[in-house]
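Heads up, the thing below is written out as structure tokens.
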Amino acid sequence: MKQNQWMSLLGLANRARKIISGEELALKDIRNGKAKLVLLAADASANTTKKITDKCNSYHVPLKMVDDRHLLGQAIGKEARVVVAVLDEGFAKKLVTLLD
């Protein structure tokens with residue numbers, strides 16, 4: 001049940017245009033301080049995982065892992081996505097509680 005809840009909320013955030021997907025765009029928003037939460041697929045490459053994890057740690061952005069890239073993509077109605085950054089504080093807080 002929890003899985004459906006976080007996916008629905010992420011879909012809602014997508015429709016509200018409060019997320020960005022893709023590695024480079026997510027990294028840019030982490031650097032600019034816009035990203036409030038980063039969701040990373042567990043099946044991301046080691047290089048991508050390290051890059052995103054290091055950037056989140058250095059900029060103090062919460063990072064949550066989700067099962068796989070297809071689930072992350074499905075949640076926002078797109079093809080498989082490895083990285084999604086949430087740009088809204090409210091959505092980010094609620095997603096953290098659902099993903100814990």
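What you see is a predicted model, and the numbers here were worked out from it, not measured in a lab.
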Discussion item. Applying side chain to side chain contact (heavy atoms under 4.5 Å, CB included) to Val83 and Leu72, what does each step give before you reach the verdict?
Written reply: CA-CA 8 Å; Val83 182; Leu72 203 50; 6.0 Å; no
Step by step, work out the side chain to side chain contact (heavy atoms under 4.5 Å, CB included) result for Val61 and Leu63. CA-CA 6 Å; Val61 176; Leu63 174 71; over 6 Å; no
Practice task
Take Glu23 and Val82 through the side chain to side chain contact (heavy atoms under 4.5 Å, CB included) test and state the conclusion after the steps.
Solution key: CA-CA 7 Å; Glu23 184 182 339; Val82 176; over 6 Å; no
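Put simply, the side chain of Asp43 never gets that close to the backbone of Asp68: no donor and acceptor are under 3.5 Å apart. Although no hydrogens or angles enter the test, the distance criterion places a donor-acceptor pair under 3.5 Å between the side chain of Thr53 and the main chain of Thr49. Between the Arg81 side chain and the His70 main chain, no donor and acceptor come within less than 3.5 Å of each other. In this structure, the side chain of Asp29 does not engage the main chain of Ala35 through any donor-acceptor pair within 3.5 Å.
Side-chain contact between Val96 and Leu98 is absent, with no heavy atoms from C-beta onward closer than 4.5 Å. Counting heavy atoms from C-beta on, the side chains of Trp6 and Val66 come closer than 4.5 Å. Counting heavy atoms from C-beta outward, Gln74 and Leu71 have side chains that approach closer than 4.5 Å. Under the 4.5 Å side-chain criterion, counting only non-hydrogen atoms from C-beta, Val84 is not in contact with Val38. Using a 4.5 Å cut-off on side-chain heavy atoms (C-beta onward), Ser8 and Leu12 make no contact. With a 4.5 Å cut-off on side-chain heavy atoms, Lys78 and Asn14 count as touching.
Shortest non-hydrogen contact noted between Ala16 and Phe91 is CB-CE1, 4.2 Å. Considering every non-hydrogen atom in both Lys36 and Pro62, the closest pair reads O-CD, 3.2 Å.
Note that NZ of Lys51 is 11.0 Å distant from CD1 of Ile30, once rounded to the nearest 0.5 Å. Ile76 CD1 to Arg15 CZ: the interatomic distance, rounded to the nearest 0.5 Å, is 11.5 Å.
Linking Ile, Leu, Val, Met, Phe, Trp and Tyr residues whenever their side-chain heavy atoms come within less than 4.5 Å leaves Ile20 and Leu39 in two separate clusters. Hydrophobic clustering places Val86 together with Leu99 (ILVMFWY residues linked when any side-chain heavy atoms are closer than 4.5 Å, directly or through intermediates). Residues Leu87 and Tyr59 fall into different hydrophobic clusters, defined by Ile, Leu, Val, Met, Phe, Trp and Tyr side chains chained together at heavy-atom separations under 4.5 Å.
Listed by first and then second residue, the salt bridge (charged side-chain N to carboxylate O under 4.0 Å, His left out) pairs involving residues 84-93 amount to none (not counting sequence neighbours).
Looking at Leu10, Asp100, Ile19 one by one, the single match for side-chain contact (heavy atoms from CB on, under 4.5 Å) with Leu95 turns out to be Leu10.
Applying the 6.0 Å contact sphere to NZ of Lys64 captures more than 12 heavy atoms from other residues, nucleotides or ligands.
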